[in-house]
Amino acid sequence: MDAWSIAENENAAAEAEKTVSQTSSEPDGAAEGKTDEQVIAELEKQIAKLPIGYISRKMIHGKLRFYRQWTENGKIKSQYIKDGQLEALEEGIEKRRGLQKQLKELKARQAAAKGAVKGRAGFNRGGRYQGQKFSTNVVIGEALEGLTGGLTDEKRRLCHGTLLDYLEGRIGNDGRVCLITGLRRTGKTTMIRQAIRGLTPEQAAKAAYIKITAADNMEKLNRDLGLLYDMGYRYVFIDEITLMSDFIDDAALLSDVHAAQGMRLVLTGTDSLAFCLALRQELYDRAITISTTFIPFREHRQLLGIDDVDEYIRYGGTLRAGEPAPEGLSTVNATFRDGASMKEYIASAVCRNIERSLVGSKDLSQFRALRELQGSGDLMEVAERVMVSMNLNFLLLILSKNPMYQNLRLAAWNLKNDRAREEQSAGVTRTHVSEVKQALVEMDMVVECPSEMPQPGSEPIERVIFTQPGIRYCQIRSLMEDLMGTDKFMGMSELNKRDLVEKVMADVRARMLEDIILLETEKAAGGRRQVYKLQINAGVFGMVVYDPAKNDCFICELRSGGRMAPEQYRRLADADKYNQIEKRFGTIRQRFILCDDPQAHAAEGITFCRPEDYLCGL
């Protein structure tokens with residue numbers, strides 16, 4: 001971090017106190033009778049005199065100290081606040097935010113008005129172009145048809161129906177925009193192209209596609225939307241909108257001006273965290289959000305034709321998860337085919353997603369710790385380390401269940417401790433780790449599923465599940481390869497190492513399958529039912545699905561990895577365990593066992609089926 005400039009803070013505090021005193025008696029904006037240009041000039045002049053950034057509080061050696069922090073040229077700047085400066089700086093920063101809000105609203109109204117005037121002057125009633133030029137990459141007419149010409153597969157994401165509802169006016173008639181958000185390779189742009197291709201001839205005549213680049217900004221887009229509106233266009237698909245540096249802070253313009261006029265605006269972009277920040281800072285409830293990051297197994301099978309849940313665990317999470325071939329699954333182009341491809345995806349789809357989103361947000365109170373890492377250039381490394389740590393914890397959970405893994409578990413603990421010491425020496429704090437996890441949650445990359453004990457007074461155990469299983473599986477395999485290279489296993493033959501790794505990975509797949517079933521059941525329940533993975537002292541039930549309205553439930557135990565002996569499913573006939581479940585979750589209406597060979601089993605009151613069939617039936 002740069003050295004603190006106390007003198008500059010003193011000047012900022014003095015200037016803030018002076019500017020606030022000059023403007024506090026004036027109404028917001030400027031005196032009546034002035035033109036918009038004059039008001040804008042005065043606001044910009046006042047804003048320039050006020051301090052930028054936010055106040056950060058840190059406890060150092062038991063004493064609370066204050067710092068002013070801001071972003072400059074993509075880096076975090078920090079200055080110590082001396083005694084007597086704090087009040088003036090806080091008042092100045094708050095005043096600056098208020099003036100910036102006025103300025104943004106005034107510019108938006110002015111830009112919308114100019115766009116309408118230019119539209120009337122530049123186009124006749126037939127919509128023919130008469131000299132006006134678009135500022136962004138706008139595709140209309142026959143060129144729009146060419147955009148969808150390369151579509152050969154009409155298989156659609158399950159969330160495509162929500163997009164159609166928005167375009168048909170069944171939802172979002174109150175001036176909302178539609179956001180299609182998700183990580184890379186999850187089908188966002190394909191959804192837009194399919195939606196354009198599915199428009200009726202009347203709708204297609206009023207549809208436009210805009211491809212945003214980093215050189216574009218909201219002023220250019222605002223002008224083009226005004227021109228398109230006056231040409232009669234009502235359906236506008238805007239791709240890669242998060243590349244605009246001012247999208248997050250000015251996103252409300254799209255809903256408050258253009259969608260409010262009746263335009264159907266569909267927005268998508270690479271940086272899913274940017275949409276989260278825009279919703280929090282600007283759009284609030286003025287958007288319908290469609291997330292593509294999570295691809296459940298039934299959709300994975302439908303879109304890619306891959307029926308094996310083990311292959312879904314190994315490579316699932318994007319629409320590049322391998323292709324069926326005569327000799328089996330071809331994974332040459334799979335996103336998570338090996339450690340290198342997995343790291344490239346995390347770097348581009350996750351880490352740079354976070355970096356670009358933070359740069360695009362001027363609200364420095366959001367993700368303060370991550371902004372510090374960004375300023376020091378450590379954000380990408382720390383984000384990847386946090387993800388690896390979560391999966392190392394998952395691996396330790398697997399290893400702790402089997403005594404034969406004792407040496408491996410000790411090696412994993414040593415690795416965990418080594419990583420913790422490295423992070424501590426590098427200055428990585430719990431706040432940094434917490435904010436990385438928060439960003440991953442907001443990007444729909446991980447979810448936290450509580451596991452509860454039915455006994456009174458027991459504490460829930462937090463479990464983190466990756467919605468893209470291929471990332472977890474690939475990272476754990478890389479961790480296993482690292483562990484096999486440690487001194488503890490140097491004397492083991494390569495054959496025995498390979499056998500040990502494959503056995504552990506089989507246990508990893510079994511545990512991941514339980515989490516996938518838990519996650520997909522919870523999402524399918526849609527809030528109507530509550531889903532728990534229960535741990536009971538006398539044994540383990542895989543899952544309980546509770547219906548609060550009816551006060552009943554069904555229970556499910558997961559068995560994979562081969563055929564079952566009768567004693568493996570007798571636990572579901574244990575009356576004591578039933579009593580524990582029914583005492584908390586009401587009458588048990590149905591009981592399931594998920595296994596690889598359901599046709600080989602029969603038991604009264606129990607339904608046997610394959611995990612794949614259960615997941616596809618949700």
How long is the straight-line distance from CZ of Arg352 back to CG of Leu273, given to the nearest 0.5 Å? 15.5 Å

Are any of the side-chain nitrogens in Arg314 or Glu311 under 4.0 Å away from the carboxylate oxygens of its partner? yes

Taking the six-membered ring of Phe394, is NZ or CZ of Arg472 closer than 6.0 Å to its centre and within 45° of its axis? yes

Inspect the contact between Glu422 and Arg385 and indicate whether a charged nitrogen and a carboxylate oxygen are less than 4.0 angstrom apart. yes

May I have the step-by-step check of side chain to side chain contact (heavy atoms under 4.5 Å, CB included) for Val447 and Val441, ending in yes or no? CA-CA 6 Å; Val447 296; Val441 169; over 6 Å; no

Considering residues at least two apart in sequence or located in another chain, which fulfil the side-chain hydrogen bond (donor to acceptor under 3.5 Å, both in side chains) criterion with Gln530? Tyr532

Pair Lys533 + Glu522, salt bridge at N-O below 4.0 Å: no

Ion pair present between Arg591 and Glu582, side-chain N to carboxylate O less than 4.0 angstrom? no

What I want to find out is whether Arg286 reaches Asp256 closely enough, with some N-O distance under 4.0 Å, to be called a salt bridge. yes

Less than 4.0 Å between a side-chain N and a carboxylate O, is that true for Glu502 and Arg477? yes

Tell me whether Lys523 is salt-bridged to Glu520, with the criterion being a basic N under 4.0 Å from an acidic carboxylate O. no

Arg509 charged N/C atom sitting above Tyr473 aromatic ring, 6.0 Å / 45°: no

SB check Asp552 Lys550 (cutoff 4.0 Å): no

So Glu435 and Arg371, salt bridge (charged side-chain N to carboxylate O under 4.0 Å, His left out) or not? Walk me through it. CA-CA 10 Å; Glu435 289 196 2; Arg371 292 179 187 275; over 6 Å; no

Determine whether a donor-acceptor pair (N or O, by modelled atom type, separation under 3.5 Å) exists between the side chain of Thr335 and the backbone of Thr318. no

Looking at Ile306, Leu319, Val309, which hits side chain to side chain contact (heavy atoms under 4.5 Å, CB included) with His300? Ile306

